[in-house]
Amino acid sequence: MRYLTAGESHGPQLTTILEGVPAGLPLVAEHINVELARRQKGYGRGRRMQIEKDEVKILSGVRHGKTLGSPITLVVENRDWKHWTNIMGIEPLEEGAEEEVKRKVSRPRPGHADLNGAIKYGHRDMRNVLERSSARETTVRVAAGAVAKQILAQLGIKVAGHVLEIGGVKAKNLSFSSLEELQEVTEQSPVRCFDKEAEVKMMEAIDEAKKNGDSIGGIVEVIVEGVPVGVGSYVHYDRKLDAKIAAAIVSINAFKGVEFGIGFEAARLPGSEVHDEIIWSKEEGFKRRTNRSGGFEGGMTTGMPIVVRGVMKPIPTLYKPLQSVDIETKEPFAASIERSDSCAVPAASVVAEAVVAWEIAAAIVEQFGQDRMDVIAENVEKMRRYAREF
Ligand SMILES: Cc1cc2nc3c(=O)[nH]c(=O)nc-3n(C[C@H](O)[C@H](O)[C@H](O)COP(=O)(O)O)c2cc1C
């Protein structure tokens, strides 16, 4: 399974084409719209999220509520496009009209793609860069992830994401007894945090950042339960599923780090406190006593929950901008301001769920049958039985 995305932040629409999704998967727009709405929520988001309600159109690959095995085209229109038709028009400009184009960007934002992108592609108006480097693109990544989640749900695999940290405020109470409980609580939380005390402090930290024209980042975690043993492989570097998930997390805008299980803490502990002891019972077969590895050994799933965390840096657009340089005059100037969030960590946790779900679904589809959902489901069940009886 693979997908491409296309579309500018203030262009007419965002598009994704998903190739290799198996036939026979129940799929309706609502499965995707629920996820799009989750991405748009969250304390600390800017005004754009309030004025636009994203809705998907499924344009190919689905008939009468089931996938056909052919490419699936998903489109999300930008409702704001009507205000940007001149600025973002597709047609060539008339002679001399270039000077009149509004919202030209000539003062690159530190931390954003503006300057490198402009030099790389030779753009004098850095809007040509920011329109595509904007995290608006994650809308259709969430749409693709919603389809992946549908595949996983058919196989009894659950995915949940939540926020562990914002602006230095850490969630301490993580005593959820099931993924369902985690989901129920975080779905009601404006910052997608399980810990109610931390939630309040996180919101205060966001208010404070906003008041100061600043931005803050944080840490999100995704947990996936029910993935059978042995998905991914140790035999070749590009078949290691943990590596693919790590790349997917760091590919999310503003994500700078990733860890599995106890993660970077493993550097500070002896092996006896890092590795998970192996146990066996007649009912369940092999298991690990603990899950410090976060569900991976040798690039393959262990059958324990996959636990992956990503670090998001603070958003680069600041209402009190850092110093930059105007690329035309070469004079020092405050960086440009583009309508922006002060904290997008809660929304980013939804994006993280989506990209992790995609990688796991793609690996399962590749390994267990590819073309038909019913065959894949049978093969996954067989693998679960082999593992129990091994
Ligand atoms: C959900 C989400 C929303 C974001 N919103 C903004 C935003 O409003 N303003 C901004 O400058 N950056 C925002 N970002 C981050 C930038 O897109 C990102 O920092 C930029 O593309 C540069 O890439 P890099 O930080 O990965 O190096 C957001 C990221 C995510 C995941």
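No experiment lies behind these values; they were computed from the predicted model shown. Order of listing sets the numbers, starting from 1, for every ligand and every atom in it.
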Heavy-atom nearest neighbour in the protein, as seen from [atom], with distance rounded to 0.1 Å:
{"atom": "atom 29 (C) of ligand 1", "value": "Ala135 CB, 3.3 Å"}
{"atom": "atom 26 (O) of ligand 1", "value": "Ala254 N, 2.9 Å"}
{"atom": "atom 21 (O) of ligand 1", "value": "Ser133 O, 3.0 Å"}
{"atom": "atom 9 (N) of ligand 1", "value": "Ser340 OG, 2.8 Å"}
{"atom": "atom 11 (O) of ligand 1", "value": "Thr317 OG1, 2.5 Å"}
{"atom": "atom 22 (C) of ligand 1", "value": "Gly111 O, 3.7 Å"}
{"atom": "atom 27 (O) of ligand 1", "value": "Lys256 NZ, 2.8 Å"}

| message | Classify the ring geometry of His10 against Trp84: parallel below 30°, tilted from 30° to 60°, perpendicular beyond 60°. | response | parallel
| request: From the options Arg141, Arg132, His112, select the one whose nearest heavy atom is closest to atom 20 (C) of ligand 1. | output: His112
| field | Glu338 and Ser336: side chain donor to acceptor below 3.5 Å | value | no
| request: Indicate whether the side chain of Glu297 and that of Ser293 have a donor and an acceptor atom separated by less than 3.5 Å. | output: no
| field | Result of checking Ile151, Asp374, Thr67, Val375 against Pro22 for side chain to side chain contact (heavy atoms under 4.5 Å, CB included) | value | Ile151
| field | Minimum side-chain heavy-atom gap Arg136-Glu131 below 4.5 Å | value | no
| query | How does Arg109 reach ligand 1, if at all, at less than 4.0 Å between non-hydrogen atoms: by side chain, backbone, both, or neither? | reply | side chain
| task | Please indicate whether Glu389 has more than 12 foreign heavy atoms, meaning atoms of other residues, nucleotides or ligands, lying under 6.0 Å from its CD. | result | yes
| said: With a cutoff of 4.0 Å, is Lys313 in contact with ligand 1, counting heavy atoms of the residue only? | reply: yes
| Is there at least one pair of N or O atoms, one from Thr138 and one from ligand 1, spaced under 3.5 Å apart? | no
| task | Mind checking the CG-CD spacing from Asn379 to Gln370? Nearest 0.5 Å is all I need. | result | 11.0 Å
